[in-house]
Amino acid sequence: MADHSGRLSGIARERFGWELTDEQQRAAGAVLDGRDVLAVLPTGAGKSAIYQVPGLALDGLTVVVSPLVALQHDQAAALGEAGVCAVVVNADRSAAAAWEAVESGEARFLLLAPEQLAKPEVVERLRGAGVVLFAVDEAHCVSAWGHDFRPDYLRLAAAVERLGRPPVLALTATAAPPVRDDVVERLGMRDPLRVCTGFDRPNIHLAAHRHPSERDRRAAVLERVRELRGTGLVYAPTRAATEEIAAELGARARCFHAGMPAGEKERVHEAFTAGEVEVVVATSAFGMGIDKPDVRFVLHAGCPDSLDSYHQQVGRAGRDGDPATAELHHRPEDLAKQRFLTATGVPEDAIRAVAKAVRAGRGPQDVDLPRARRTRAVNLLVGAGAVDGDLTWVGRDLDEAVAEAVRLAEVHKRAVRSRVEMVRAYAEAPGCRRQELLAYFGEELPEPCGNCDGCDAGRAGERRTSSGGFDVHEGVRHAEWGRGEVMSVEDDRVTVLFEDEGYRTLSLAAVHDRDLLVPDAS
DNA sequence: CGTGTGCTAAATAATTAGCACACGGTGCGTTATT
């Protein structure tokens, strides 16, 4: 195995002005050796360098699969600034020019969504262009979305084969061990080098609060947002909830969900990035591509659908390294909703009816089923490899295809069940939350925690008292906070960085009552 | 599976209890209409 470190770091320095970390070196070096690589590195660790640097070192075209058109443009623009020709192919009209750059050999990177690779003609054109590296960005999507939402993710392995099996590089910031295995298997990766680190975010204080009723929760979340200063995110489980909460919060907040007009979403995103809007109340739609360093809090007004989502959403706080807060406001009822939303069964006869319609050359539109159900059936058939990206039947036996789709639905359901159970266990966990979350990602806590709720009780070996509320007085009562440093005082709210408990906002009265602060704290 | 809504009836003049029912998330793509 050749040592490429000099060459790679040279490219990184001269082209981009980067110094590669050890992890980046290892991953990029293995790619250059022709090995498959799975890199799970936190945001900000320069994941894109891992495909960009070896992509430039190799002689030919690097294909980058990216889930969102907006992300594709971001990446292409970043490469463009470094003087590298990178093009995007999607459903817009600009595709012709992009293909010209690919076929002339001018383009070194091509960014596209998996749906493009489901089209045989796209793969054929790429075969002609000579692909030397196949990178999958945000590779957790293969596992999270592949089963029935964006099934073309499940067919990337087939595209890789048809492209002559270039090295496959999978990149993501969040993937627990089972997700990693799933990504490796689904992408057909061969003995990949796995580079996985950095799930711990010690500056984020993790808390969870259980609420007896929906009203209580809503009131608690609103109160907390009003108490917390600075920029923050609130994740809510439904579109309607995002609108209601944002309306309650007034001018400081905006909502964001996939049902909003594209222009509106863009405006909210830009206003948030620019700091004109402090709080965005969103569904899980608000996520990838957000890289605002000074997010001070992330509140969940409901359970996320997995600990991977949770880690990702929480991880949007405190990227600048300063203290931040994450609070999960949960109810047991949340989990019933998760099960329903992600794992409603698709009956075999529905799948069969859709399969028959597609095989007969008709669209699935005339099958008499609710739209959502029809779409799921189509997605399952695509995932099963029976239907192509352009909705043509791939020429398999009907029964076999239906059976495969049903099996996929079953696998998906089981996966959802187990993810929900893990979220439940986390929400109810009596001990140290940070340890709990890290354990899920297969890492150990590097040091005694003291920066999450529950870790005190965990150390004492006691069950944490279930606090319906979360206000600072209760917090003070539960944990005997030690020395702290005042970070800021606004009105009657004092933000304190405690040695043991991390970042907390207290009422002035609570601070005085408890004589919490050392006299000379600045 | 749960939650919120809207209807109806009961009890009485403005509200409420009970019940049936709709709806719930993520993004590519394509297509039909301005």
Side-chain angles (χ1 to χ4, degrees), chain A residues 65-73 88-95 111-119 121-122 137-138 140-156 174 211-218 235-244 255-262 265-266 281-290 300-306 308-310 312-313 330-345 363-365 370-373 375-376 378-379 382-383 387-392 412-413 416-417 419-420 424:
Chain A
V65 178
S66 170
L68 305 183
V69 171
L71 289 184
Q72 295 159 21
H73 286 297
V88 170
V89 164
N90 55 37
D92 318 340
R93 276 162 280 279
S94 59
L111 298 108
L112 39 59
E115 286 78 4
Q116 290 294 324
L117 288 166
K119 300 197 269 191
E121 70 272 19
V122 168
D137 200 9
E138 308 289 354
H140 58 278
C141 294
V142 174
S143 181
W145 285 357
H147 293 296
D148 77 337
F149 175 53
R150 292 182 69 177
D152 294 309
Y153 264 106
L154 297 186
R155 309 198 51 213
L156 290 176
T174 295
H211 298 281
S213 75
E214 191 56 41
R215 280 188 63 164
D216 281 3
R217 166 157 67 196
R218 189 62 68 84
Y235 280 104
T238 65
R239 295 175 178 184
T242 66
E243 290 175 6
E244 290 158 17
C255 72
F256 186 104
H257 58 73
M260 287 162 45
K265 289 195 288 185
E266 210 171 311
V281 187
T283 61
S284 56
F286 197 67
M288 282 185 290
I290 295 160
H300 279 87
C303 285
D305 59 8
S306 69
D308 298 85
S309 309
Y310 176 73
Q312 228 173 7
Q313 289 164 355
H330 62 101
R331 298 183 59 210
E333 288 82 356
D334 293 348
L335 302 161
K337 181 174 296 182
Q338 301 301 337
R339 286 196 201 98
F340 171 83
L341 274 179
T342 40
T344 39
Q365 288 81 6
R371 224 176 72 94
R373 198 153 263 224
T375 310
R376 279 207 62 185
V378 172
N379 283 345
V382 172
V387 174
D388 226 325
D390 46 10
L391 284 191
T392 50
H412 183 234
K413 195 166 164 175
V416 169
R417 286 281 149 88
R419 289 201 291 256
V420 166
R424 192 179 64 83

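In what follows, every chain begins at residue 1, and chains take the letters A, B, ... in the order their sequences are listed. Please read all numbers here as calculations on a predicted model, not as lab measurements.
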- Rounded distance (Å) that lies between atom C1' of B:dG25 and atom CD of A:Q313: 11 Å
- Heavy atoms only: give me the nearest A:A113-A:V65 pair and the separation to one decimal. C-CG1, 4.4 Å
- Item | A:S284 side-chain proximity, nearest of B:dT26, B:dC1, B:dG24 | B:dT26
- Task: Go through B:dG24, B:dT3, B:dG29 for me and flag the one nearest to the A:E214 side chain.
- Result: B:dT3
- Query: What integer number of Å spans the P atoms of B:dA14 and B:dG18?
  - Reply: 23 Å
- For A:D216 and B:dG2, what is the distance between atoms CG and C1' respectively, to the nearest whole Å? 16 Å
- Whole-Å gap separating C1' (B:dG29) and CG (A:D388): 14 Å
- Between B:dT3 (C1') and A:Q338 (CD): distance, integer Å: 14 Å
- Which part of the nucleic acid, if any, lies within contact of A:P114, taking any heavy atom under 4.0 Å across all strands shown: a base, the sugar-phosphate backbone alone, or nothing? nothing
- Query: Rounded to whole angstroms, how far apart are NE2 on A:H211 and C1' on B:dT3?
  - Reply: 17 Å
- Between A:L68 (CG) and B:dG27 (P), how many Å, whole number? 7 Å
- Which atoms form the tightest heavy-atom contact between A:P332 and A:H211, and what is the distance? CD-O, 4.5 Å
- Message: Nearest to the A:N90 side chain among B:dG27, B:dG2, B:dG29, which nucleotide is it?
- Response: B:dG29
- Any side-chain heavy-atom pair from A:P67 and A:R150 closer than 4.5 angstrom? yes
- Query: Which part of the nucleic acid, if any, lies within contact of A:D390, taking any heavy atom under 4.0 Å across all strands shown: a base, the sugar-phosphate backbone alone, or nothing?
  - Reply: nothing
- Name the nucleic acid region contacted by A:K119, choosing base, sugar-phosphate or nothing; use a 4.0 angstrom heavy-atom cut-off, strictly under. sugar-phosphate
- Message: Which nucleotide wins on minimum distance to the side chain of A:R331, given the candidates B:dT3, B:dT26, B:dC28?
- Response: B:dT3
- P gap between B:dA22 and B:dT26, integer Å: 22 Å
- Message: Can a donor-acceptor pair be found, under 3.5 Å and without considering hydrogens, that links the side chain of A:Y153 to the backbone of A:H140?
- Response: no
- Residue pair A:R339/A:N379 against DNA chain B: nearer the 5' end by closest nucleotide is A:R339
- Message: Determine whether a donor-acceptor pair (N or O, by modelled atom type, separation under 3.5 Å) exists between the side chain of A:D334 and the backbone of A:C303.
- Response: yes
- Taking the six-membered ring for Trp, does A:F149 stack with B:dT26 (centroid gap under 5.5 Å, planes within less than 30°)? yes
- Item | A:D305, nearest nucleotide to its side chain (from B:dG4, B:dG25, B:dG29) | B:dG25
- Separation of atom CG in A:D152 from atom P in B:dG29, rounded to whole Å: 10 Å
- When all nucleic acid strands are considered with a 4.0 Å heavy-atom cut-off, which category describes A:R239: base, sugar-phosphate, or nothing? sugar-phosphate
- Query: Between A:L154 and A:V142, which heavy-atom pair has the shortest distance, and what is it?
  - Reply: CD2-O, 4.0 Å
- Look at the side-chain N and O atoms of A:Q116 and state whether any lies under 4.0 Å from the OP1 or OP2 oxygen of B:dC28. no
- Query: When you compare B:dA13 with B:dA9, how far apart are their C1' atoms, in angstrom units rounded to a whole number?
  - Reply: 15 Å
- Query: Given that A:A240 and A:R215 both sit by DNA chain B, which one's nearest nucleotide is further toward the 5' end?
  - Reply: A:R215
- Nearest heavy atoms of A:C255 and A:M260, plus distance in Å: O-CE, 3.5 Å
- Note on the structure: On a heavy-atom basis, the closest approach of A:P304 and A:Y310 is CG-CB, 3.6 Å
- How does DNA chain B read in dot-bracket, base by base from 5' to 3', with Watson-Crick or G-U pairs under 3.5 Å and | used when the partner is on another strand? ((((((((((....))))))))))..........
- Note on the structure: In whole angstroms, the gap separating C1' of B:dG27 from CE of A:M260 amounts to 16 Å
- Which nucleotide sits closest to the side chain of A:E115: B:dG2, B:dG25, B:dG27? B:dG27
- Task: Could you measure between the two P atoms, the one in B:dG29 and the one in B:dG25, and give it in whole Å?
- Result: 23 Å
- Item | With sequence neighbours excluded, residues passing side-chain contact (heavy atoms from CB on, under 4.5 Å) with A:V122 | A:W99, A:L112, A:Q116, A:L117, A:K119, A:L126
